[in-house]
Amino acid sequence: MDGSFFPHPAARMATEAARAMVRSMKSFPLKGLRQQRQSTRIAPGAQDRSPARAEFEFFARFPVFSFRRLDERLTCLRRRPPPSRSPLLAPAFPAGYNSPHPMDYKTTVLLPKTDFPMRAELPKREPEMQKKWDESGLYSKIRAARKGARKYVLHDGPPYANGNVHIGTGLNKILKDIVVKFHTMLGADAPYVPGWDCHGLPIENKVAEEMGAAFRSADPTLVRAKCEAYAAKFIDVQRKQFKSLGVLGDWERPYLTMSPSYEAGVLDCFLDLMERGKISRKLRPIHWCVRDETALAEAEVEYADIASPAITVAFDLVPGPHPFSKEKAAIVIWTTTPWTLPANLAVAVHPQADYALVECAGRKFVLAEALAEKALAKVGPVKVLAKARGSELEGMEYEHPFMKRRSPVVLAEYVTLTDGTGCVHTAPGHGHEDYQTGRRYNLEILNPVGPNGVYDERAGMFAGKRVPAVDPEVVAQLKGTGHLLHEEKVSHSYPHCWRCHRPIIFRATEQWFIEIDDSRDKALEQVRRTRWVPAWGETRITSMIQSRPDWCVSRQRLWGVPIPAFFCEKCGKAITDAKVLRRVRDLYAREGAGIWYRLSASEMLGTAPACACGHAAYRKGNDIFDVWFESGSSHRSVVMAHPDLQFPADCYLEGTDQHRGWFQTSLLPSVLTQGVSPFKACVTHGFVVDDEGEKLSKSKDNKGYTLPKNAEDFQKLFGADVIRLWIASVDFTDDIPVSKKRFDEIAEVYKKWRNTFRYLLGALADFDPARRETALWEIDRWALHRLGALIVRVEQLMNDFDFAHATHEINAFIVTDLSAFYLDAVKDRLYTFAPASSGRRAAQTVVFEIVSALARLTAPVLCHTAEEVWSFVPGKKEDSVHLARWPQPPASGFTKELEADWDRLFSVSHDLAREIEKLRAAKTIGKSTEAVVDLATEDAAWHDALARRAEDLAGIFLVSEVRLHRGQVPGAVKGADAPLVSVLAAKSPHPKCGRCWNLRADVGRSPRHPSCCARCVAVLAELGA
RNA sequence: GCGCCCGUAGCUCAACGGCAGAGCAGCCGGUCGAUAACCGGCCGAUGCAGGUUCGAGUCCUGACGAGCGCACCA
């Protein structure tokens, strides 16, 4: 449907002509006329002028009015009945309206009439509409309608296939749906392929719980089958719940990370990385959960405060050539993880820091000068004996306090002088920086802790003990030998497993890694090229990528995509030839990744080339991929593979936690294998919280009211459109508060919109869009002008993902422009003018234009209600509002000058309302149309603004009559909004017309209709009443 | 600890450096031809202390408060 139908060029020409007339008038001698206009009485009731005179004055003063049809204007001015019924006019009463009864004028008034229900009954009606969309294949219809159009791809971040759809998950899907629907309306082919993240620990743990002791010894194939069934069950549950929110997409063909094609895509990505030399297998400390017995990625770690023993320990220095080591001294370290001491292989000092040999409690210690007093405060007074630079200490040796070995003092830039002693206990197997230092000094990457957290024999006297429970024993041992200088408890934040929430450890093991370092700059450049909404997302992801070490992608679990790792039986070396490994990829594509557990290494490899050591027999690895690598491969498995989609995606839209999660784990593989970011724009939203700002997990607000548990229950309680309107109205970049109160508030907004729609539709009961009126009144053009501005503004805001402001704009238009003003102002025309008169059809034309545009403007958000409205909009149109195109701003011919005039009118209107309110308070009048007002101003600009549309002022201000004066009027009050204009309001002396309820001087002139005004008499005559 | 963002009416949000505005809620009233609707009026706000400027909600500084992120104390 074309939103613009007005003869724009013609309208503009008319405006030009009008302006030309105004310009030419300036030199015209108007003195006499001006004097006559000192007190210009304006319709209705200007009986003291001959028609010809009135006509002259009208054209001389209000050339702009040429927009309104001449015959109608003259009819109005001359107070005479219109010509007998024109053959062009429609039948007296449109179908559905009662024929008039002589004395009952109500039946001759064209009141709003529509079947669009006032009550939404969303919980009941929405599911019916969703069913209809499903059955009619709306999604496919949209695809077909947009075939060949430019693509807009929003790639779905897959929710985890576990549990119900929490309101926060629902919010995410609704935001995506709004984006997709909006871009579809803009004309793009915007497919939406939803996905699910199926692999991973939560499901595996659930299955392990169900299986009990049998789990540990169970056949992996059996476990995986149970996991798959579990995931499949919740995919169905969640799909139903997402659909209940009105989210439209390819629900019958979602992507699943456990499907063979997806799994094959993960290997494609991995093997590409391998070919590019980005994959390595290394012994390196990584986060390790001793409960889940698996490696963890950065993104799987969360921090929480715990109390740890903080100990100050002295390591005896071995005499040597360095400063301080001629004497019997000890170097002092500080640690909060005593259990890492068995793996201590060095002490690190800062090369530029100042260190001192001090005497304290009769012993000699080496530590940072600046920290000596503080660190040894509990030991005794400190006396500095000698000083040295950190760099001079390099190579000193010390005896481990309980392991039989000597270790070196080393240098490290990361040593700080804020805490501890400036001498850092270094265990290359238990810390990232320690590891790097260890590599530099060729230290062993020693990890004496097993997967379950138990020391092996390399921990010496502590072998067989469990970490970190062993801490007190280590402390006791140090104390017993006099190495412990001090012990206290400190509370500090410590990494925890985000699945089981227990403290984790750093532990060096052999793992698969993706090497990030070489590609970091490229990744950061891609970050800069991406649009981040809100903008600070860029800062976050940048700092994240800058600081992220290489990525450990192997996990020691079952429910995932097995890493295609084959180790030489003889030398243990892994096959790193991607060409060989692609056989496995093809197997996954055909059979699913579960095939890994059903075939032997040789069955999968066929005749593989021999290892460098000469042997050709291999054993399989047991690791699976980090699920983050899996979901991060979706650009490969889905966006690049799905026929509807296109790489790179236009938009990813997820919760802000995904900066460290999916955004990052998607960006890196994509940049490393494809050279570009997988998304052009990245939008993030906050979390749903209750009114107290707490995360909504408890589902209770402060009044004890329990919010629903899943998305479908929300729909049943409030209706999806109310939920969607709520989401569209909040600033989703921040935390999003939810409570019953907020839903009640937003439901009020919904009702207001709905009622306005109902009224608009009611005004169009007899309207045929084929017979639109082109001769619009100025107020109509004002309304179109406002609508056009709204369309432009909302489109821009939606493009910027600023739904909240778009919603506010729409609300302001509906409430302020329409409900409080325009719809009131056009009532007279809609209700009382002859059915097919130009004036009435002009109003209907604008109302039609508004409702047609508004249905589309709101369709991305109120997808059910807009559809319902759409079905009531008269005329030929698309089957569904979701197939329709975004409206074009209608040509209103409105100029800056007109805008300025109307601003003045509204200022006066405000002042007037206050004066009228006084009459109302005094019970002098009821409604404002009973008032007659005098407006007085000495200011030419204000006078002109009013005088130029004098004829319409009564209608604009909703009063019976407006009298405009130059100069002063006794009793008039200076306006507050328009100080240059004084206003005076009084009760109109005229009788009230029994039909149109206007107070008119000409009521009672017709013997046939003694209670009617002249205009109504004319209309009644036309109607044959 | 470092960084980012925010602080406007009871609530949700506005205001190129230029008269602090809307909606909701509340109160008062109107209307009875949008009626389980509709309209009007009133009420009421720039958290604090400085600075720049003719002029600051807006720019700068500081502390305060809220939120978020990063890091992690070896």
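In what follows, chains are A, B, ... by sequence order, proteins preceding strands, each numbered from 1.
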Taking for each residue the nucleotide of RNA chain B bearing the nearest heavy atom, is the 5' side occupied by A:C996 or by A:K923? A:K923
For a quick test of reading the model: is some side-chain N or O of A:K752 closer than 4.0 Å to OP1 or OP2 of B:A37? no
In whole Å, what separates the C1' atom of B:A45 from that of B:A25? 15 Å
Using atom C1' in both nucleotides, what's the gap between B:G10 and B:C43 to the nearest angstrom? 11 Å
Could you work out which one of B:C13, B:G30, B:C73 sits closest to the side chain of A:K927? B:G30
Among B:A34, B:C73, B:C13, the nucleotide that comes nearest once only the side chain of A:S819 is considered: B:A34
Could you check whether atom CZ of A:R786 has more than 12 heavy atoms from other residues, nucleotides or ligands sitting under 6.0 Å from it? no
For A:V815, which contact category applies under a 4.0 Å heavy-atom criterion: base, sugar-phosphate, or nothing? sugar-phosphate
Mind checking who B:G33 pairs with, Watson-Crick or G-U wobble, both distances under 3.5 Å? none
When the ring planes of A:W726 and A:F743 are compared, do they come out parallel, tilted or perpendicular, using 30° and 60° as the limits? tilted
Using the C1' atom in both, what is the distance from B:U52 to B:G62, to the nearest Å? 15 Å
Take atom CD1 of A:I746 and atom P of B:A25, then tell me their distance rounded to the nearest Å. 12 Å
Given B:G33, B:G23, B:G40, which nucleotide is nearest the side-chain atoms of A:W997? B:G33
Rounded to whole Å, please give me the gap between NE2 in A:H430 and P in B:C72. 17 Å
By the Watson-Crick or G-U definition, both distances under 3.5 Å, B:G3 is matched with B:C68
Rounded to whole angstroms, how far apart are CZ on A:R786 and P on B:A22? 12 Å
Please pick, from B:C32, B:U35, B:A14, the nucleotide with the shortest atom-to-atom distance to any side-chain atom of A:H805. B:A14
Nucleotide B:C28, atom P - distance to CD of A:E917 in whole Å: 14 Å
B:C24 pairs with, by Watson-Crick or G-U criteria that keep both distances under 3.5 Å: B:G10
Using a cut-off of strictly less than 4.0 Å, decide whether A:R540 has a side-chain nitrogen or oxygen near OP1 or OP2 of B:C4. no
Does the pair A:R1015/A:D828 count as a salt bridge with the N-to-O cut at 4.0 Å? yes
Rounded C1' spacing from B:U8 to B:G44 in Å: 12 Å
Atom-pair distance (CG on A:L367; C1' on B:C73), nearest Å: 16 Å
Of the candidate nucleotides B:C38, B:A25, B:G40, which contains the atom at the shortest distance from the side chain of A:N755? B:C38
State which residue, out of A:L478, A:V467, A:V474, A:V313, fulfils the side chain to side chain contact (heavy atoms under 4.5 Å, CB included) condition with A:P338. A:V474
What are the two closest non-hydrogen atoms of A:C497 and A:I504, and how far apart are they? N-CG2, 3.3 Å
Proximal nucleotide (of B:A34, B:A22, B:C32) relative to the A:Y831 side chain: B:A34
Per atom distances to the A:P112 side chain, the nearest of B:G69, B:C11, B:A34 is B:A34
When rounded to whole Å, the CG to P distance for the pair A:D824 and B:A37 reads 17 Å
Check every strand shown and say whether A:A921 touches a base, only sugar-phosphate, or nothing at a heavy-atom separation below 4.0 Å. nothing
Can you confirm whether the side chains of A:H425 and A:T340 place a donor and an acceptor under 3.5 Å from each other? yes
Between B:C59 and B:G47, how far is it from one P atom to the other, in whole Å? 13 Å
With a 4.0 Å cutoff (strictly under), does any side-chain N or O of A:R920 reach OP1 or OP2 of B:C39? no
Nucleotide nearest A:A913 when distance is taken to its side chain, options B:G23, B:G40, B:C39: B:G40
Ion pair A:R840/A:D766, N-O distance below 4.0 Å: yes
If the P atom of B:G18 is compared with that of B:U12, how far apart are they to the nearest Å? 26 Å
Separation of A:K751 atom NZ from B:A34 atom C1', in whole Å? 14 Å
Should the side chain of A:R119 and the base of B:A36 be counted as holding a donor-acceptor pair, with the cut-off at 3.5 Å? yes
In Watson-Crick or G-U wobble terms, with both distances under 3.5 Å, the base opposite B:A49 is B:U61
Can you see whether A:T656 engages A:R540 through a side-chain donor-acceptor pair at a distance of less than 3.5 angstrom? yes
Just checking A:G431: base, sugar-phosphate only, or nothing, at a heavy-atom cut-off of under 4.0 Å? nothing
To the side chain of A:L823, which of B:A34, B:G29, B:C42 is closest? B:A34
Give me the distance, rounded to whole Å, that separates B:A49 from B:G65 when you measure between the C1' atoms they each carry. 15 Å
Comparing A:A310 with A:G994, nearest RNA chain B nucleotide closer to 5' gives the residue A:G994
Please work out which of the three classes, parallel, tilted or perpendicular, describes the rings of A:H496 and A:Y494, given edges at 30° and 60°. perpendicular
Between A:R995 and B:G33, does any side-chain N or O lie under 4.0 Å from OP1 or OP2? no
With rounding to the closest Å, how many angstrom separate the C1' atoms on B:C6 and B:C48? 16 Å
In Watson-Crick or G-U wobble terms, with both distances under 3.5 Å, the base opposite B:C54 is B:G18
Closest to the side chain of A:V109, out of B:G33, B:C11, B:A34, is B:G33
Nearest-Å distance for atom pair NZ/P, residues A:K827 and B:G33: 10 Å
